[in-house]
Colleague: 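Right, I'll just put the structure down here and ask away after.
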Amino acid sequence: MTRLLAISGSLRAGSSNTMLLDAAARLTPDGVEIAVYRHLDELPAFNPDLDTESAPQAVLRFRSELQKSQGVIISTPEYAHGVPGALKNALDWLVASGEMYEKPVALFNASARGTFAQASLLETLTVMTAKIISAASVTIELTGKGLDSTGIIADPTISETIRSAVSAFAQAINAG
Ligand SMILES: Cc1cc2nc3c(=O)[nH]c(=O)nc-3n(C[C@H](O)[C@H](O)[C@H](O)COP(=O)(O)O)c2cc1C
């Protein structure tokens with residue numbers, strides 16, 4: 001079983017990025033499991049002084065979720081031409097601990113406009129030595145569509161794009 005952790009950069013209840021990841025979790029091919037991480041807002045503000053063996057519990061749980069996963073899917077909005085603070089904060093907790101070293105990452109994007117955030121996220125992940133899998137990274141325009149995960153799954157074009165991206169991701173992971 002290939003386990004993937006999906007992280008949305010949006011804390012909004014109706015977030016299109018979270019809906020996209022929820023849909024992906026419901027469309028997994030055989031042999032693939034996606035867990036959607038829902039605790040970004042529980043991570044305290046990153047402080048290197050707290051980044052010790054007794055780091056905050058929420059941080060330890062987050063790292064453990066990553067250790068259990070062979071790959072990570074990130075889907076994020078753009079805020080003021082940047083990565084949302086909650087997502088950048090979560091990544092900052094992983095810089096020294098190493099869960100992202102060589103970790104395969106697929107970048108999903110629910111808005112084609114968010115090019116600054118995508119570029120910035122790519123730069124951060126690259127310096128953390130994550131392996132970005134381009135074949136599994138997709139932009140699916142959901143802005144203004146008001147679709148929940150069931151609506152996303154009901155759209156045959158979108159659901160096929162998601163399925164193909166997740167399959168390509170699992171293949172890249174399993175090919176080493
Ligand atoms: C405070 C704030 C700042 C934003 N700044 C940008 C921006 O700089 N560029 C952009 O393309 N969209 C920007 N947006 C729009 C969001 O990125 C967009 O609506 C996104 O699809 C929301 O994702 P979500 O549905 O997952 O929450 C901003 C939204 C908010 C709330």
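Sequential numbering from 1 along the given sequence is applied to the chain's residues. Here the structure is a predicted model, which is why all the values come from computation and not from measurement. Read the numbers this way: they start at 1 and go in the same order the structure lists the ligands and their atoms.
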Colleague: Looking at atom 8 (O) of ligand 1, what's its closest protein heavy atom, distance included?
Modeller: His81 N, 2.9 Å

Colleague: Which ligand 1 atoms are under 4.0 Å away from a heavy-atom of Asn17?
Modeller: 23 (O), 24 (P), 26 (O)

Colleague: Evaluate the side-chain proximity of Ile162 to Ile152: yes if any heavy-atom separation is below 4.5 Å, no if none is.
Modeller: yes

Colleague: How long is the span from the CH2 atom in Trp93 to the CG atom in Leu66, to the nearest 0.5 Å?
Modeller: 14.0 Å

Colleague: Which pair of heavy atoms, one from Ile153 and one from Ala23, lies closest together, and at what distance?
Modeller: CG1-CB, 4.0 Å

Colleague: Please list the nearest protein heavy atom to atom 19 (O) of ligand 1 with its residue and the distance rounded to 0.1 Å.
Modeller: Arg113 NH2, 4.7 Å

Colleague: Do any non-hydrogen protein atoms sit less than 4.0 Å from atom 17 (O) of ligand 1?
Modeller: yes

Colleague: Does ligand 1 come near enough to Gly14 that some N or O of the ligand is less than 3.5 Å from an N or O of the residue?
Modeller: no

Colleague: Among all protein heavy atoms in this structure, tell me which lies nearest to atom 13 (C) of ligand 1, with the distance rounded to 0.1 Å.
Modeller: Glu78 O, 3.0 Å

Colleague: Just checking, is any N or O donor in the side chain of Thr143 or Arg113 under 3.5 Å from an acceptor N or O on the other one?
Modeller: no

Colleague: Quick test: of every protein heavy atom, which one is nearest to atom 31 (C) of ligand 1, and how far off is it to 0.1 Å?
Modeller: Tyr79 CE2, 3.9 Å

Colleague: Is there a path of hydrophobic side-chain contacts, each under 4.5 Å between heavy atoms of I, L, V, M, F, W or Y residues, that connects Leu20 with Val166?
Modeller: yes

Colleague: Ignoring angles and geometry beyond distance, decide whether Arg12 reaches within less than 3.5 Å of ligand 1 through its nitrogen or oxygen atoms.
Modeller: yes

Colleague: For Tyr101, is the OH atom crowded, meaning more than 12 foreign heavy atoms sit under 6.0 Å from it?
Modeller: yes

Colleague: Would a hydrophobic clustering, with Ile, Leu, Val, Met, Phe, Trp and Tyr connected at side-chain separations under 4.5 Å, put Ile140 with Leu147?
Modeller: yes

Colleague: Can you check whether Ser15 has an N/O within less than 3.5 Å of an N/O in ligand 1?
Modeller: yes

Colleague: Could you work out, for atom 21 (O) of ligand 1, the closest of Ser75, Ser16, Gly9, Ala13 by heavy-atom distance?
Modeller: Ser16

Colleague: In the protein, what heavy atom is nearest to atom 20 (C) of ligand 1, and what distance, to one decimal place, separates them?
Modeller: Pro77 CB, 3.7 Å

Colleague: Does the side chain of Ser167 pick up a donor-acceptor pair with the side chain of Gln171 at under 3.5 Å?
Modeller: no

Colleague: Check for me whether Ala80 has a heavy atom closer than 4.0 Å to any atom of ligand 1.
Modeller: yes

